[in-house]
Amino acid sequence: MKKEVLKPIVLNDITKYRFPGNPIYSPDGKNLAFHVKRSDVEKNCYHSDIWLYPSGSRKPARQVTFSLDASLVAWKNENEIILARQPQDGAAGAGNSNTLPETTLYLLDIRGGEAKPWLKLPFVMLEFRKVTDTTYVATGLIDREEPDLYKASAEVRKQKVEALQKDKDYTVVDEVPYWFNGSGFTNGRRTALFAINVPAEDQAAGTGALSPKIKRLTAPTFDTGALWVEGQDVYYAGHRFERLFSLYDQIYCWHAATGKTEKLYGKSLYAFSELFVLNGHLYVFASDMKTYGVNETSKAYELKDGQLELVYSPFLARGGGLVTDTVMGGGRMSAVEGGQYLTLITNADHNAIYSYDGDKDPQKLWDRDGLAACLAVSSKKIALCCQGWDEVCEVYEMERDGSKLRKVTDLNGAALAGRYIAKPEPLPFKSTGESLKGWVLLPQNYDPKKQYPAVLDIHGGPRGAFGETFMHEMQAWAGLGFIVFFTNIRGSDGRGDAFADIRGKYGTVDYQNLMDFTDCVLAKYPNIDKNRVCVTGGSYGGFMTNWIIGHTHRFCCAASQRSIANWISKSFISDIGPYFNPDQNGAASPFDFEPLWEHSPLKYSYGAKTPTLFIHSDEDYRCPLPEGMQMMQSLRLQGVPTRLVIFHGENHELSRSGKPQHRLRRLQEITDWFLKYTK
């Protein structure tokens with residue numbers, strides 16, 4: 001029987017994938033809505049469509065919006081979905097600097113018809129939650145100096161926009177941080193909580209987009225964080241942000257029935273990452289960051305009588321710490337339904353679901369190799385956006401007990417049909433006294449007698465993690481004949497705080513782990529040409545790439561992406577620099593230069609010989625452009641082959657959600673660099 005000839009994954013396949021996200025069940029649990037993003041290469045943007053799946057049925061999921069470029073907000077009732085027009089950049093409904101700061105929400109009746117304008121909110125909306133049939137709450141952006149601009153007429157707000165346009169050549173900052181990755185300059189901007197009243201008679205009129213009654217509930221300098229609605233009580237966390245951002249929050253409750261706000265927890269001792277009510281009790285996930293720093297796993301507390309009572313200390317972190325480049329669209333990591341709190345966690349090299357009922361420690365509900373990006377829960381079902389090693393993200397559904405997992409979409413089957421997908425080959429190894437694990441991707445028709453070039457790919461974080469999940473860039477390089485290898489070293493997620501804690505150890509144990517893994521791969525696959533091994537990574541992986549070229553000449557070339565070169569400079573320009581950088585480097589403050597410089601790759605760049613490509617975005621405020629510039633200039637001054645590619649209008653998320661043409665150019669630049677030095 002003739003063996004099927006498979007085509008390789010190629011670089012531009014990234015534009016053919018479709019990305020599901022934000023699944024939400026209807027209140028009766030009968031229907032699951034989610035949105036699907038798709039690339040428009042010609043316009044260099046993404047479009048977003050709403051899809052619907054009849055829960056538990058054998059019917060296929062179907063697309064229900066076509067002309068409206070929309071993102072999913074929430075269900076209004078069993079038959080109507082609330083949508084927001086999807087902008088090309090920024091938050092839902094954000095528009096751009098030339099438009100009024102407003103958001104128009106639409107209603108889509110799943111029984112038929114087009115989406116119709118429903119509410120016009122005079123601010124950029126971030127979150128929207130239903131309280132009663134006539135009352136809603138939303139978080140939205142305000143300016144601390146003009147917090148009530150939302151009350152002004154459209155004409156006045158238009159005049160404000162025009163005035164800002166006249167000053168578009170100037171930006172004035174007076175607080176820290178003054179910018180934030182993915183949000184641009186944020187100086188003076190705060191996330192406010194609003195109460196929104198939509199009288200029943202107005203809703204019934206159906207006369208187009210309504211202008212509801214809106215009241216700002218938080219102070220002009222208050223920055224709202226975690227939010228939870230339980231009945232007519234709206235719980236929220238946040239803090240006053242005057243001129244310097246704080247990591248520590250307080251907790252409040254707005255009672256819709258009385259219109260009064262109550263402070264429930266007023267101390268500034270914890271950072272709160274989530275609020276939820278379970279069986280009548282208010283719980284918070286909080287961290288005091290005293291044991292493992294800013295990356296410390298939050299513990300669960302019950303809040304009662306103004307005090308936090310520890311309930312349990314999770315060993316594994318909540319959320320999806322796994323790394324991929326084929327998930328986008330967002331969604332929730334946890335839910336409360338039927339007396340249970342369910343959450344995604346990162347378990348070593350894959351995601352799992354744990355449940356908690358308030359009476360005992362969390363129980364493992366579902367566990368499978370691969371990546372789960374987000375979930376939704378009804379009284380009978382659990383929905384997931386997830387993927388394995390041989391598929392791009394799809395929507396799955398299972399029973400509430402974690403059984404009978406079934407795929408309910410086939411969004412990417414056609415894009416992967418007839419393609420060779422390299423299966424991750426596990427490779428355990430030991431380094432610095434730890435038992436670690438990595439993987440190797442082999443090209444199609446791998447021949448042990450043939451010599452191959454190879455690529456070491458390093459994840460970001462450092463508290464990220466690789467797993468047996470599809471990664472487009474790796475599959476494309478395998479398709480070009482490279483052996484690709486990757487691993488979870490000390491500092492990675494999925495093995496608890498002690499394993500993830502490398503504060504003050506950057507460039508030491510992690511570097512040794514990577515070198516030991518590389519040695520292990522070369523021993524296992526001796527037909528890898530040692531003179532044609534490349535290295536790449538982004539964010540923390542970019543830091544490690546910069547560190548590597550200053551400490552060894554073993555790699556033929558490197559591609560450093562959104563990297564860190566100098567912890568001192570980054571402390572004073574990154575959106576998280578003032579607290580993250582000293583915390584991670586064992587420094588007392590951003591002014592404690594010695595440990596910051598000790599762990600800076602730039603310090604060790606003199607004498608580097610590895611040809612290195614640098615990829616950076618000019619709106620990356622997490623690892624700003626000057627970090628790449630410093631390393632590139634150091635190499636050029638020494639005559640080392642180097643190249644810096646700057647992506648305009650992109651941020652730290654270039655590889656994951658950058659514009660389609662830019663994602664392609666990034667992949668092409670890195671691939672061409674590898675090919676140049678491995679031929």
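Numbering starts at 1 and runs along the sequence shown.
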**OP:** Please answer whether the main-chain N or O of Phe185 pairs with a side-chain N or O of Arg189 as donor and acceptor at a distance below 3.5 Å.
**Re:** yes
Original post:
Heavy atoms, side chains only, cut-off 4.5 Å: are Phe466 and Val323 in contact?
Top reply: yes
**OP:** Would you mind reporting whether Lys7 and Tyr420 have side-chain heavy atoms less than 4.5 Å apart?
**Re:** no
Subject >> Distance-only polar pair, side chains of Glu468 and Trp439, donor-acceptor under 3.5 Å >> reply: yes
**OP:** Enter the distance from Leu416:CG to Leu411:CG here, rounded to the nearest 0.5 Å.
**Re:** 11.0 Å
Subject >> Name of the residue among Ser55, Ser378, Ser57 meeting side chain to side chain donor-acceptor pair (under 3.5 Å) with Glu397 >> reply: Ser55
**OP:** Not counting sequence neighbours, which residues clear side chain to side chain contact (heavy atoms under 4.5 Å, CB included) with Gln340? List them please.
**Re:** Leu342, Ser355, Arg400
**OP:** Would you please name every residue forming a ring pair (Phe, Tyr, Trp, His ring centres under 6.0 Å) with Phe272, sequence neighbours left out?
**Re:** Tyr265
Original post:
Under a 4.5 Å cut-off applied to non-hydrogen side-chain atoms, are Tyr356 and Thr343 in contact?
Top reply: no
Original post:
Any side-chain heavy-atom pair from Met125 and Val73 closer than 4.5 angstrom?
Top reply: yes
**OP:** Quick one: which residue pairs count as a side-chain hydrogen bond (donor to acceptor under 3.5 Å, both in side chains) with a foot in residues 381-392, not counting sequence neighbours?
**Re:** Thr324-Gln387, Thr326-Gln387, Lys381-Glu399, Gln387-Thr469, Glu391-Tyr396
Subject >> Asn651 side-chain N/O to Glu619 backbone N/O, donor-acceptor pair under 3.5 Å >> reply: no
Subject >> Asp49: side-chain hydrogen bond (donor to acceptor under 3.5 Å, both in side chains) partners, not counting sequence neighbours >> reply: Arg38
Original post:
Got a sec, which pairs hit ring-ring contact (aromatic ring centres under 6.0 Å, His included) with one end in residues 327-348, sequence neighbours left out?
Top reply: Phe276-Tyr341, Phe285-Tyr341
**OP:** Check the side chains of Ser617 and His652 for a donor-acceptor pair under 3.5 angstrom, ignoring hydrogens and angles.
**Re:** no
Original post:
Quick one: are Thr65 and Leu108 in side-chain contact, heavy atoms under 4.5 Å?
Top reply: yes
Subject >> Donor-acceptor contact present, side-chain Asn79 to main-chain Asp109, <3.5 Å >> reply: no
**OP:** With side chain to side chain donor-acceptor pair (under 3.5 Å) as the test, would you mind laying out the steps for Arg663 and Ser39 before giving the verdict?
**Re:** CA-CA 11 Å; Arg663 294 180 80 183; Ser39 300; 5.8 Å; no
Subject >> Interatomic distance, Leu11 atom CG to Leu480 atom CG [nearest 0.5 angstrom] >> reply: 6.0 Å
**OP:** To the nearest 0.5 Å, tell me how far Ile9 CD1 sits from Lys16 NZ.
**Re:** 9.5 Å
**OP:** Measure from NZ or CZ of Arg622 to the centre of the six-membered ring of Phe180, then state whether that distance is under 6.0 Å and the direction lies within 45° of the axis.
**Re:** yes
Original post:
So, Thr132 versus Gln232: side-chain donor-acceptor pair below 3.5 Å or not?
Top reply: no
Original post:
Considering only heavy atoms from C-beta outward, does the side chain of Ser298 approach that of Arg318 to under 4.5 Å?
Top reply: yes
**OP:** Spell out, as yes or no, whether a donor-acceptor pair under 3.5 Å connects the side chain of Asp493 to the backbone of Gly464.
**Re:** no
Original post:
Could Glu127 and Arg129 be called an ion pair, given the rule that one side-chain N must be under 4.0 Å from one carboxylate O?
Top reply: yes
Original post:
So, for Ala335 and Leu375, which heavy atoms are closest and what is the spacing to 0.1 Å?
Top reply: CB-CD1, 4.0 Å
Original post:
Between Asp40 and Lys43, is there a donor-acceptor pair closer than 3.5 Å when you use the side chain of the first and the backbone of the second?
Top reply: yes
Original post:
For the residue pair Trp179 and Tyr621, is the inter-centroid distance of their aromatic rings smaller than 6.0 Å?
Top reply: yes
Original post:
Rounded to the nearest 0.5 Å, how far apart are OG1 of Thr104 and CG of Leu210?
Top reply: 11.0 Å
**OP:** Assess the pair Phe66 and Trp51: is the distance between their ring centroids shorter than 6.0 Å?
**Re:** no
Original post:
Sub-3.5 Å donor-acceptor pair from the side chain of Glu394 to the main-chain atoms of Cys386, do we have one?
Top reply: no
Subject >> Partners passing side chain to side chain contact (heavy atoms under 4.5 Å, CB included) against Val234 (at least two apart in sequence or in another chain) >> reply: Val131, Val137, Leu193, Leu227, Val229, Trp254
Subject >> Side-chain H-bond candidate by donor/acceptor type, Thr536 with Gln561, under 3.5 Å >> reply: yes
**OP:** Ignoring hydrogens and angles, state whether a donor on the side chain of Asp325 or His472 is under 3.5 Å from an acceptor on the partner side chain.
**Re:** no
**OP:** Looking only at non-hydrogen atoms, find the nearest pair between Pro101 and Val161 and report the distance.
**Re:** CD-CG2, 3.8 Å
Original post:
Distance-only, no hydrogens or angles: does the Asn412 side chain make a donor-acceptor pair with backbone N or O of Ala415 under 3.5 Å?
Top reply: no
Original post:
Going by atom types only, do Trp477 and Gln475 share a side-chain donor-acceptor pair under 3.5 Å?
Top reply: no
Subject >> salt bridge (charged side-chain N to carboxylate O under 4.0 Å, His left out) assessment of Arg656 paired with Glu653 >> reply: CA-CA 5 Å; Arg656 296 178 282 261; Glu653 303 304 310; 2.7 Å; yes
Subject >> Under 3.5 Å: donor-acceptor pair, side chain of Ser657, backbone of Met328 >> reply: no
Subject >> side chain to side chain donor-acceptor pair (under 3.5 Å) assessment of Thr346 paired with Arg463 >> reply: CA-CA 11 Å; Thr346 302; Arg463 199 159 177 168; over 6 Å; no
Subject >> Exam field: side chain Arg216 to backbone Phe194, donor-acceptor pair closer than 3.5 Å >> reply: no
**OP:** Measure from the side-chain N and O atoms of Asp223 to the backbone N and O of Thr191, and report whether any donor-acceptor pair falls under 3.5 Å.
**Re:** yes
**OP:** Calculate, to the nearest 0.5 Å, the distance between atoms CD and OG belonging to Glu650 and Ser655 respectively.
**Re:** 10.0 Å
**OP:** Indicate the atoms forming the closest heavy-atom contact of Cys385 with Val395, along with that distance.
**Re:** SG-CG2, 4.1 Å
Original post:
When you look at Ser379 and Glu337, which way does the side chain to side chain donor-acceptor pair (under 3.5 Å) test go after all the steps?
Top reply: CA-CA 6 Å; Ser379 60; Glu337 180 66 41; 5.1 Å; no
**OP:** Calculate, to the nearest 0.5 Å, the distance between atoms CH2 and CG belonging to Trp228 and Leu278 respectively.
**Re:** 8.5 Å
Original post:
Hey, are Lys130 and Asp133 close enough for a salt bridge, meaning a charged N less than 4.0 Å from a carboxylate O?
Top reply: yes
